[in-house]
There are 2 protein chains.
Amino acid sequence: MTASKKEELIDKALEVFYREGFHATGMDRLVAVTGISKTSMYKHFKTKEDLILATLERRHKYLMSLIIDRTDERADTPAKRLIAAFDSLKDWIAGGRFQSCMFIKASSEFQDPAHPIHKISADHKRTLQDYLVAQARAANARNPEQLGHQLMLLQEGAIVTAHLQGGSEAADDAKAAAEVLVAAALA
Amino acid sequence: MTASKKEELIDKALEVFYREGFHATGMDRLVAVTGISKTSMYKHFKTKEDLILATLERRHKYLMSLIIDRTDERADTPAKRLIAAFDSLKDWIAGGRFQSCMFIKASSEFQDPAHPIHKISADHKRTLQDYLVAQARAANARNPEQLGHQLMLLQEGAIVTAHLQGGSEAADDAKAAAEVLVAAALA
DNA sequence: CTTAACCTGTACAGATCGGTACATATAACA
DNA sequence: TGTTATATGTACCGATCTGTACAGGTTAAG
């Protein structure tokens, strides 16, 4: 009944959704995994969709920390951060628990742009993109919006490719490309 | 009973899978959409997975034509093709029927790398990537493998971003980035 | 101890899932 | 026309889906 109990449910559900997909994971499965009763589960989350949204909100916070906070720690100037973001990305991809991006997968399973799950996924991506654009602007890039968007494309591409091909070389290729783009935009 | 009847089933199934997802689409739905009986459907395709694989094979051929053949038509030198591939990409994205990449979505729903659906998706991506690497090599790029992979990242990123944000600006950003990368690799 | 508010587990509802049994219709050939 | 092979439609199977009704247990106030 405590908040931490609910947090625990979200954690476990996130793990299963992330690994096995949203439609493929039934509430019965989650009830079994968490050990809670179905009634209690539905007391915490009115519908399966509510539970999915809760996991996505948690994932959003987690990735903000994993990507943005780590990048800020790594580098102390905007220009360096544009590159350091790709080190954070590689840590994530090579970290062992990587299974592509939960929001890309969520938007694949809930494609209607008006669907809350699709919208929260778009919001997540926009936040990351805004961060890159802000760094590009602070670094006095020639076209900060374009540069930020392009770096975002590289990140997304690396995520998808790493998931499909395995390995973390995609992150290296992305970083090398980012260095070229950033150098060209700051020259 | 003819081959064309089966092709028609694949076409219709592809459309629904592409728009609504694989797990979210039941065989009953496909039977209703195609107007065929369930028995006949299962005579053509032994399982739902067989049907999915058939749609993916068809999609693979279609995209090969849409991306590679069109790019070859557009440009007559390897260096130009590396850029022209992004015009083909934009045509696809801006074409109105774009709903992200079916293989990215398939690999999201069937994540086990050993699963046939995941494998066919990886094969598809590898084919496109090999094409870009081959063009980069023919253009005497400094590091053709890396360049090809990087351009592939941009394409994947543009696909995912266009799906999440809507619009086709991602394709423009990707093309502009490709121009910078190609110029740097050929200089 | 009694009563009332809650929390939990189980069993189930109604719908849909992938897949099949079987009876009928249609066609090909004798 | 009679017979046989195949194609189709329907009705159904057991399992699973999301979500709920309800009975029994637990706790706290009076």
Side-chain angles (χ1 to χ4, degrees), chain A residues 1-57 105-106 108-112 115-118 120, chain B residues 1-57 102 105-106 108-112 114-118 120:
Chain A
M1 97 273 223
T2 66
S4 68
K5 180 70 176 177
K6 186 167 183 175
E7 300 298 304
E8 187 192 322
L9 294 179
I10 295 175
D11 276 342
K12 289 251 176 73
L14 191 155
E15 201 185 317
V16 182
F17 281 143
Y18 186 38
R19 269 184 303 139
E20 315 200 1
F22 298 97
H23 283 109
T25 302
M27 293 299 273
D28 287 329
R29 180 89 206 287
L30 296 173
V31 164
V33 163
T34 58
I36 205 179
S37 79
K38 214 164 181 184
T39 309
S40 303
M41 178 69 97
Y42 273 95
K43 192 141 285 180
H44 286 296
F45 307 98
K46 276 199 288 195
T47 64
K48 184 184 181 182
E49 183 178 316
D50 278 356
L51 175 56
I52 293 176
L53 287 171
T55 66
L56 292 178
E57 272 154 27
K105 298 198 279 191
S108 291
E109 291 201 49
F110 302 89
Q111 304 198 56
D112 179 357
H115 195 292
I117 293 177
H118 195 100
I120 204 176
Chain B
M1 96 273 224
T2 67
S4 69
K5 180 70 177 175
K6 186 167 183 175
E7 300 298 305
E8 187 193 323
L9 293 178
I10 295 175
D11 276 342
K12 290 249 176 74
L14 191 155
E15 201 185 316
V16 181
F17 282 142
Y18 186 38
R19 269 185 303 138
E20 316 200 359
F22 298 98
H23 284 107
T25 303
M27 292 299 273
D28 287 330
R29 180 90 207 286
L30 296 173
V31 163
V33 162
T34 57
I36 204 177
S37 78
K38 214 164 180 183
T39 309
S40 303
M41 178 68 95
Y42 274 94
K43 194 141 283 181
H44 286 297
F45 308 98
K46 277 199 287 194
T47 64
K48 184 184 182 182
E49 183 178 315
D50 277 356
L51 175 56
I52 294 176
L53 287 171
T55 66
L56 291 177
E57 272 155 27
M102 198 162 180
K105 298 198 279 191
S108 291
E109 291 202 49
F110 303 88
Q111 304 198 57
D112 179 358
H115 195 293
I117 293 177
H118 194 102
I120 202 176

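Worth knowing before you read on, the calculation uses all heavy atoms, side chains too, and leaves out hydrogens, waters and symmetry mates. Just so it is clear: chains get the letters A, B, ... in the order the sequence lines come, proteins before strands, and each one is counted from 1.
- Separating the NZ atom of B/K6 from the P atom of D/dA7 is a distance of 13 Å, rounded to the nearest angstrom.
- The side chain of A/S40 contributes an N or O atom lying less than 4.0 Å from OP1 or OP2 of C/dT8.
- A/V31 approaches A/I36 most closely through the heavy-atom pair CG1-O, 3.0 Å.
- Residues B/T25 and B/K48 share a closest heavy-atom pair of O-NZ, 2.8 Å.
- Within the 4.5 Å cutoff, no side-chain heavy atoms of A/D112 are placed close to those of A/H118.
- Salt bridge status for B/K105 with B/E109: absent, with no side-chain N to carboxylate O gap under 4.0 Å.
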Polar pairs (N or O, both sides) under 3.5 Å between protein and nucleotides 16-18 of chain C?
unit_1 : atom_1 : unit_2 : atom_2 : d
C/dG18 : OP1    : B/K48  : NZ     : 2.5
C/dG18 : OP2    : B/M27  : N      : 2.6

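- The side-chain heavy atoms of A/L51 and A/H44, taken from C-beta on, include no pair separated by under 4.5 Å.
- Whole-Å rounding puts the A/D50 CG to D/dT18 C1' distance at 13 Å.
- Contact annotation: the side chain of A/E15 never approaches that of A/D11 to less than 4.5 Å [non-hydrogen atoms, C-beta and beyond].
- A donor-acceptor contact under 3.5 Å links the side chain of B/T39 to the base of D/dT10.
- Classified by interplanar angle (parallel below 30°, tilted 30° to 60°, perpendicular above 60°), the ring pair B/F110/B/F22 is perpendicular.
- Although no hydrogens or angles enter the test, the distance criterion places no donor-acceptor pair under 3.5 Å between the side chain of A/E8 and the main chain of A/T34.
- Atom CD1 in B/I36 sits roughly 11 Å away from atom C1' in D/dG9 (whole-Å rounding).
- Dashed line: the shortest gap from a side-chain N or O of A/S37 to OP1 or OP2 of C/dG9 is under 4.0 Å.
- Partner of B/T55 under the side chain to side chain contact (heavy atoms under 4.5 Å, CB included) criterion, out of B/F17, B/F45, B/Y18: B/F17 alone.
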Every protein N/O within reach of nucleotides 25-28 of chain C N/O, cut-off under 3.5 Å:
none

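- Looking at every heavy atom in both residues, B/R19 comes nearest to A/Q111 through O-NE2, 2.8 Å.
- Between the NE2 atom of A/H44 and the P atom of D/dG19 there is a distance of 16 Å, rounded to whole Å.
- When rounded to the nearest whole Å, the span between NZ of A/K43 and C1' of D/dT20 equals 11 Å.
- Proximity of B/M102 to B/L14: side-chain heavy atoms (C-beta onward) are separated by under 4.5 Å at one or more points.
- One end of the helix from C/dC1-D/dG30 to C/dA30-D/dT1 points its axis 20° away from the other end's axis, with each axis taken from 5 pairs and the angle rounded to 10°.
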